[in-house]
Number of protein chains: 2
Amino acid sequence: MVITRATEYAIRTVVFLAQQPKDEIVLKKDICRTQDVTPAFLTKILQPLIKAGIVSSQRGVGGGFLLAKDPSEITLLDIFQAEEGQLKLNYCLLDSEACHRDNYCSVHEVWHEAQDKMIRVLTKYNITELVRREKENLKNSN
Amino acid sequence: MVITRATEYAIRTVVFLAQQPKDEIVLKKDICRTQDVTPAFLTKILQPLIKAGIVSSQRGVGGGFLLAKDPSEITLLDIFQAEEGQLKLNYCLLDSEACHRDNYCSVHEVWHEAQDKMIRVLTKYNITELVRREKENLKNSN
DNA sequence: ATTCCGTTGCTCGTGTGATAACCACGTTGT
DNA sequence: ACAACGTGGTTATCACACGAGCAACGGAAT
């Protein structure tokens, strides 16, 4: 019941990219240096983000990574799902075939409610908003 | 990001015990038969429940298991935590030392909010209430 | 002695976190 | 053109931890 390191790093990466000037291409090693991830692992983490259309990449000299869309259109749920697939708290919540107690099980309903609440939080703030709040936090701590 | 089978079975077990006449002692094999768990695995699952004071046990002839307190005082969170320990969505949420970005990281706040919402749902309904709703669901489906 | 539960240790499979080798593509200098 | 170089892309592999489950033996109550 804990998010993976991959998801954590993916979020850091997207937030970092969103802090750069618009359309600025960032080197992999610069992401690594600032976000405490190793290049080999980051390589693996970035691919799902690219396939999900959150990040795009450019090869060759002057290549690197940048956001594929406006950060205001990216939520934490998008990043989570790119890395870990569909969010589910219990197996019975994904495919309804998985549990024959589905019809009457009152616990099922509670998991559903908890999951909904969680998804709602993860979609409530977009990356632009998170970057703004981070900037504010830093200002207040000085 | 999914609860373990142990937690799932533990919940089924507690709900099942709550459905029995008060203070009725239930055999392990009866729990197994009705809840689709193997005896060996259930043995493992019951121990944390006993240590958490949710279930109590009786050895010897006529022994078995029963709830250690009123089902209205047991929540899903209690059972979850007995099996999986403290609920946390990200490592940085448990011990504040784990992440030096703690102070300013705006994502941290979002995880916190999501976790709070989830905990609130898991403590909202007690076992008595869940049993009542299950009974109602069964009635309506007939 | 019998019938229960308790404890311990084990297996087996899968997922996480991480590394490395090699491949494919773009840019740039010639 | 084209070759060299600098990027990211793909794939295979690894150690390790954890989840899920099994079994054997020990201990208490009757």
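Labels below follow one simple rule: chain letters A, B, ... track the order of the sequence lines, proteins then strands, and each chain is numbered from 1.
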- Message: Taking A:R132 first and then A:E129, would you say they form a salt bridge - that is, a charged N and a carboxylate O separated by under 4.0 Å?
- Response: yes
- Is the shortest side-chain N/O distance from A:T38 to OP1 or OP2 of C:dT19 below 4.0 Å? yes
- Calculate the interatomic distance between B:E84 atom CD and D:dG19 atom P; express it in whole Å. 7 Å
- Could you state the CE-P distance from A:M1 to C:dT16, rounded to the nearest angstrom? 14 Å
- A:R59 or A:F41, whichever maps to the more 5' nucleotide of DNA chain C: A:F41
- Could you tell me the separation between the CD atom of A:E8 and the C1' atom of C:dT16, rounded to a whole number of Å? 15 Å
- Which listed nucleotide (D:dG9, C:dT27, C:dG6) is nearest to the side chain of B:I50? C:dG6
- Query: Just how far, in rounded Å, is P of C:dT16 from CD1 of A:I45?
  - Reply: 12 Å
- Message: Starting the side chain at C-beta, find the nucleotide from C:dA18, D:dT10, C:dG26 nearest to A:T43.
- Response: D:dT10
- Item | Atom-pair distance (CZ on B:R5; P on C:dT14), nearest Å | 16 Å
- Among the candidates D:dA20, D:dG8, C:dG6, find the nucleotide nearest to the side-chain atoms of A:Y91. D:dA20
- Query: Among B:I54, B:V55, B:T128, which one satisfies side-chain contact (heavy atoms from CB on, under 4.5 Å) with B:I74?
  - Reply: B:I54
- May I have the distance from B:E83 (atom CD) to D:dA20 (atom P), rounded to whole angstrom? 11 Å
- Task: With heavy atoms under 4.0 Å as the rule, sort A:G64 into base, sugar-phosphate or nothing.
- Result: sugar-phosphate
- Item | d(NZ, A:K28; P, C:dA18) in whole Å | 15 Å
- Rounded distance (Å) that lies between atom P of D:dG9 and atom CG of A:L42: 10 Å
- Give A:K29 one of three labels, base, sugar-phosphate or nothing, depending on what nucleic acid heavy atoms sit under 4.0 Å from its own. nothing
- Task: With DNA chain D as reference, determine whether B:T4 or A:Q47 sits nearer its 5' end, using the nearest nucleotide of each.
- Result: A:Q47
- Query: Does the side chain of A:Q58 get closer than 4.0 angstrom to OP1 or OP2 of C:dC25 through an N or O atom?
  - Reply: no
- With a non-hydrogen cut-off below 4.0 angstrom, is A:K44 in contact with a base, only sugar-phosphate, or nothing? base
- Query: A:K117 and side-chain contact (heavy atoms from CB on, under 4.5 Å): which partner among B:K117, B:E113, B:R120, B:M118?
  - Reply: B:K117
- Note on the structure: When B:L27 and A:I3 are each assigned the nearest nucleotide of DNA chain C, the 5'-most assignment goes to B:L27
- Message: Does A:L46 reach a base, just sugar-phosphate, or nothing at all? Heavy atoms under 4.0 Å.
- Response: nothing
- Message: Under a 3.5 Å threshold, yes or no: a donor from one side chain and an acceptor from the other, between B:T4 and B:E84?
- Response: yes
- Please name the pair of heavy atoms, one in A:L87 and one in A:Q81, separated by the smallest distance, quoted to 0.1 Å. N-NE2, 3.8 Å
